[in-house]
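A short worksheet on the structure shown next.
Quick caveat, the model's predicted, so the values are computed rather than measured. Note on naming: letters A, B, ... go to the chains in the order of the sequence lines (proteins, then strands), and numbering restarts at 1 for each one. All values below come from the heavy atoms of this structure, side chains included, with hydrogens, waters and symmetry mates left out.
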Amino acid sequence: MKEVATFSISHTGIIDADGKATGELPAFARDAAELIRLYRTMVLTRSFDARAIALQRTGRLGTYGSSLGQEAAAVGVGAAMRPDDVLLPSFRETGAQLLRGVSLRELFLYWGGDERGSDFQAAREDFPICVPVGSQAPHAAGVALAFKLRQQPRVAVCVFGDGATSKGDVAEAANIAGAWNLPVVFVVVNNGWAISVPRDAQSAAGTLAQKAIAAGMPGVQVDGNDVVAVRVVVGEAIERARRGEGPGWIEALTYRLADHTTADDASRYRDPAEVTAAWKADPIARLRTWLVASGAWGRQQEQDLLQACTAEVDAAAAAYLETPPQAPETVFDYLYATLPAALAEQRARFLAEAPRHG
Amino acid sequence: MKEVATFSISHTGIIDADGKATGELPAFARDAAELIRLYRTMVLTRSFDARAIALQRTGRLGTYGSSLGQEAAAVGVGAAMRPDDVLLPSFRETGAQLLRGVSLRELFLYWGGDERGSDFQAAREDFPICVPVGSQAPHAAGVALAFKLRQQPRVAVCVFGDGATSKGDVAEAANIAGAWNLPVVFVVVNNGWAISVPRDAQSAAGTLAQKAIAAGMPGVQVDGNDVVAVRVVVGEAIERARRGEGPGWIEALTYRLADHTTADDASRYRDPAEVTAAWKADPIARLRTWLVASGAWGRQQEQDLLQACTAEVDAAAAAYLETPPQAPETVFDYLYATLPAALAEQRARFLAEAPRHG
Amino acid sequence: MAEQTMVGALNMALARAMTDDHDVVLFGEDVGKDGGVFRVTDGLLDRFGPDRVLDTPLSEAAIAGVAVGAAAQGLRAVAEIQFSGFAYPAIDQMVNHAARLRNRTRGRLSCPMVLRMPYGGGIRAPEHHSESPEAMFAHIPGLRVVIPSSPRRAYGLMLAAIRDPDPVVFLEPKRRYRAVREDVPDDGVALPLDRCFIERDGGDVTLVAWGAMLAECHTAAEALAGKGVQAEIIDVATLKPFDADTVCASVEKTGRCVVVQEATLTGGFASEVAATLAERTLAALRAPIERVAGWDTVMPLPRLEALYMPGVARIVAACDRAMSYA
Amino acid sequence: MAEQTMVGALNMALARAMTDDHDVVLFGEDVGKDGGVFRVTDGLLDRFGPDRVLDTPLSEAAIAGVAVGAAAQGLRAVAEIQFSGFAYPAIDQMVNHAARLRNRTRGRLSCPMVLRMPYGGGIRAPEHHSESPEAMFAHIPGLRVVIPSSPRRAYGLMLAAIRDPDPVVFLEPKRRYRAVREDVPDDGVALPLDRCFIERDGGDVTLVAWGAMLAECHTAAEALAGKGVQAEIIDVATLKPFDADTVCASVEKTGRCVVVQEATLTGGFASEVAATLAERTLAALRAPIERVAGWDTVMPLPRLEALYMPGVARIVAACDRAMSYA
Ligand SMILES: Cc1ncc(C[n+]2csc(CCOP(=O)(O)OP(=O)(O)O)c2C)c(N)n1
Ligand SMILES: Cc1ncc(C[n+]2csc(CCOP(=O)(O)OP(=O)(O)O)c2C)c(N)n1
Ligand SMILES: [Mg+2]
Ligand SMILES: [Mg+2]
């Protein structure tokens, strides 16, 4: 019996739950303005999140999936990307999408049940929110294939949850990305739960970073509540991929502080004590602590920021609520590039009947 | 950055390509009769294989997938199983199926295009040959679930190729087997090729044993041309699973000496020199060398065995060729336990029309 | 005997089946502690234990495939797909294995499993949560496809599906999950799996539907009755095998038929119903067979969803057109 | 201008499309060196290089999903599924993504891909290699479904499919791959994707078919002509969107229709054709619309395969029945 291969999984954390640096700070993190930009996006994400839940509770938004507690994972990913990279998110990547230029109003529209919420006015090539879990992973490989064949120095970045790592699509996508040495980075946002299924019941794998080993690509773990570490680790994988050195896979450890969605009641299946404990690792509080300790942030800035975020969310919510529904014909008009003749009559019938009753 | 997990993949070989022992012999291999039983099954497999190809070439069998060169992998698996375990094969596991009690005539019938070839008269609970690559892997987990829930000390053994390891079904099955700690063993028969796709193009993973790491189960490599090693390594995984210690995953390294199937022409895509070289590792020759060297085998036995195998295959082929086709109504009669009333009329119409013309 | 919603009735049927037969096991995503996202399996983990009610990892192909393997061993596997929009990865297992295990082994192995899933729109759900894929399953020989339209029918059909020795795809119209309550005796009595149910007698026009569309048909029939038109309503609760005889007999009587489905028109099961009628009842037809269906486009997100769903007005209009033929 | 088989014509169309448009890329299992198991991509790796002709790992869901991603970036991804029996794991990507990427992003992203695959029986192939799943795809709004019946049509339709800005499922009747040769000019001219082709004029009965069934229909028409019955033959080469107008016009003329499909009867596309006719041509119908189809059972293994496949005799018998109505 001889050993033919060995692997190891590393974990990176830089700013810990107490807001203290435990590792060397990367260059960007020594620029307070940059850290404040990330902080600001995290806070804005949380403001949006609270408003979305409030709107849902009052019947003005559809079922909504909160990203409470996961802001650092999303913002770290968004910050690590270049503008012409392509993001393929799941449904809790608000923070990343905001950095990509997706607007709050678009996000409200999406969750409000309006297709225009996926017609991003910026981030034109980014993929829309993906609901069928893990099914966007092969798209990321396909986008990366296009980059590679066209010799563009761009990277596809695909984000999904711990639950998604059990999906065959994800395994197939990772394998093809490895086999073809594609410029794609997969980020597992391990928030501990897939609805009611805890991480440990999802897989016997001790880490979800080690899923990468099956695809022959490097897999690493990062403290997903540490935006600095996420940005560093995801950034390294992205730049590696950009250099043509192949795909990457990162497991970001975080926690879903909210219910799965507004349609969920997490108290049915998880201990509130676990949630209370998880709050101690809140990604926003720790970065604030760090910023305050480093002298870059104070009470006044915090107050101003909260106010600014509220105002921005207010404006977006108002714009969303004022957006009239799409015209009925839009139900047909984006299906094909050109409406097939065979559908023209049906569309006409639809227009004649639909407005009357549905 | 700290290390949070490490893994290693081992490779086991016992009798090498020259027929020399390189490791300690397990108990069963010190029993010449048992080794001869395995040798006999490998030779019978090869006789069957040659006849199947001959029958196909003369239009008396359908497209056939040869297991030439892979006899040790199949026979080793079959030998490691207990009778009441369940085998879930792909299409090159003839050697394992013979040890399970599947008859040569049944195998001819299957490849001859007759459903009765999957109605094994022994091995009643074994699964039939599985053509959609990897799709039997979840079945194996399901069979193992039944064993576990009923607290039966039985194991499901699932065999598939290197190509199959790219399939999402296989990844999902392995993951659920790990998560539920099921008594199932997955055996990857890595024969170097998936039709025209070489192993290295199939996955960037350096070994296919490491696919197991993604599912949190132990993965090991074995010399798949060494029937002794296969039996040992697969046997260990099976007994481990039987003890309730969870699933296992083995990569058996072998080589497809034949075309993919009789419909394939491997000269289009692979270098004949590779095949010639691979013959040096022929699993049958090496075991014969070993047996001869150990004094348990000689020219006469070999001649007798070849004759006996030919006679057995002759008889089975004759029985197959003499088997009249099934009655037309069998096209309907096994679809449901009881023919639904709605189908009765159609069946009658079918019987009225079918025999006339099809 | 309490009044039950469809969710309650399904829960009761599952509990009854598990009580009667130790081989019945349930699994799926969140079916355990959470009781399923619609609570259909609520409380069953506590009652029957973690060996018989299992949360799966998030993998639909495996859910179906594990059910096949378990069923081949004689377990009555009742597997849940959380929403029909996520059932597509399970189709391979249903077509290539579940539906044909008995046939390809000449009866040696079989597949007594139920793949259940909520389907359909009308609850303002997120993307991919509102589709109606029944036609895809109904095209697969070897499967049974069952759709209840009421609590009582859900109870009886679910019991039948679990007891059936062959694979059943059981589609639950989620819009009706809590829409009504009715008395559902927990009597362990299964309904037949090969018969359509005549829900209302009428001599003028036959309304054929399944799932959530039954309620729409009943409302439409009331409206039609107000105009003096008597609609007969048939619930095709078991799409496969399809009890064409009952539908044909009704159309022989009425001479007019409107088939109502929520799924997209082209290639839907309504087309099968219409084709069967065109083959078998032509002489009796006094008006073209109309299909009222979802439009041939993607189910819109909630804001425009109502434009998509077939409703009472469209059904009444179709019947009016049918009645306009002498 | 050499005589081409369907395989040759498809190969020629792929080469032409790749020459004309650098964005066309091919991938699938064994499409490279091996040239595909049926040789449809033979020689293309040598001509266009490994950046544009790629062997994939063995993973059908990824093949479809990678095509979606690549197409969203503007590549014209032509992805091969080796046999339609292995396409089921790709359905999820086709329904939930390919078919709706344009719609859900309001036109921002689109999916100009072709998913091509051999399908159908009649070549004594192994288990799972002989099915006809076209109806499943034809039920998905947002897709196009195309099936050629001859070399020339294969050439023109394949070019059209690749040039089309939306996702196309292209099913190739493998039984016809090498059945005939005909002149196929490599003129780069595409055929329309929204029109049925009238292949033979006749006033007595309309035969509607696609794929391999066209050849059977032609033979049947000859036999019928011998009895003085003139059959009109329509090739529904593009099942989705379905050109009902052409079929309806023919049936308005003949008053009789037999729809022929190889796929299993229930829920097949023949039912869609019949339902459409029942809706739109009732007054013209002089005989019930017959469907000649694969039986509602699993495609048998080769030894009994011939019992399953619809053939000339069944088609003629159905036409005879139709003609027996005055
Ligand atoms: C393929 C699929 N199956 C089931 C669902 C229903 N569902 C939505 S989210 C979810 C859990 C996802 O868990 P995870 O991947 O960890 O992401 P998280 O919700 O925790 O962010 C499930 C089961 C779905 N959307 N897609
Ligand atoms: C899901 C699926 N896709 C494609 C095929 C066609 N096919 C048959 S065997 C094969 C290659 C299988 O390779 P591997 O798993 O290594 O097994 P081997 O043939 O080498 O024994 C392919 C692509 C299939 N049978 N099933
Ligand atoms: Mg999660
Ligand atoms: Mg192989």
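Using a 4.5 Å cut-off between heavy atoms, D:Ala283 makes no contact with chain C at all. Using a 4.5 Å cut-off between heavy atoms, D:Val95 contacts chain C through its side chain alone, with no backbone atom that close. For C:Leu277, no part lies near chain D; criterion is any non-hydrogen pair under 4.5 Å. D:Ile140 touches chain C through its side chain: at least one heavy atom from C-beta onward sits under 4.5 Å away, while N, CA, C and O do not. For D:Glu131, the part sitting under 4.5 Å from any heavy atom of chain C is the side chain, from C-beta outward, and nothing else. Within the 4.5 angstrom heavy-atom criterion, atoms from both the backbone and the side chain of D:Thr276 approach chain C. With a 4.5 Å cut-off on non-hydrogen atoms, D:Ala61 does not touch chain C at all.
Contact detail for D:Ala274 and C:Ala275: the closest heavy-atom pair is CB-CB, 3.6 Å. Taking all atoms of both residues into account, the shortest heavy-atom contact from C:Glu272 to D:Gly267 is OE1-N, 2.6 Å. In plain terms, the two heavy atoms of C:Gly85 and D:Asp92 that are nearest each other are O-OD1, 4.3 Å.
Between atom CG of residue C:Asn96 and atom CD of residue D:Glu127 there is a gap of 9.0 Å, rounded to the nearest 0.5 Å. Here CG of D:Leu282 is found 12.0 Å from CZ of C:Arg286. Values are rounded to the nearest 0.5 Å. Expressed to the nearest 0.5 Å, how far CZ of C:Arg280 lies from CD1 of D:Ile289 amounts to 14.5 Å. In this structure, NE2 on C:His97 lies 5.5 Å from NE2 on D:His128, to the nearest 0.5 angstrom.
No side-chain heavy atom of C:Arg100 sits less than 4.5 Å from a side-chain heavy atom of D:Met299.
Note on D:Thr264, D:Asp296, D:Asn103, D:Val273: by heavy-atom pairs under 4.5 Å with chain C, the leading option is D:Thr264. Options C:Pro300, C:Pro133, C:Ala87, C:Pro89 differ in how many heavy-atom pairs under 4.5 Å they form with chain D, and the most are formed by C:Pro89.
Under the 3.5 Å distance criterion, the side-chain polar atoms of C:Glu290 are left unmatched by any main-chain donor or acceptor of D:Glu279. With C:His139 contributing its side chain and D:Thr266 its backbone, the two residues share a donor-acceptor pair below 3.5 Å.
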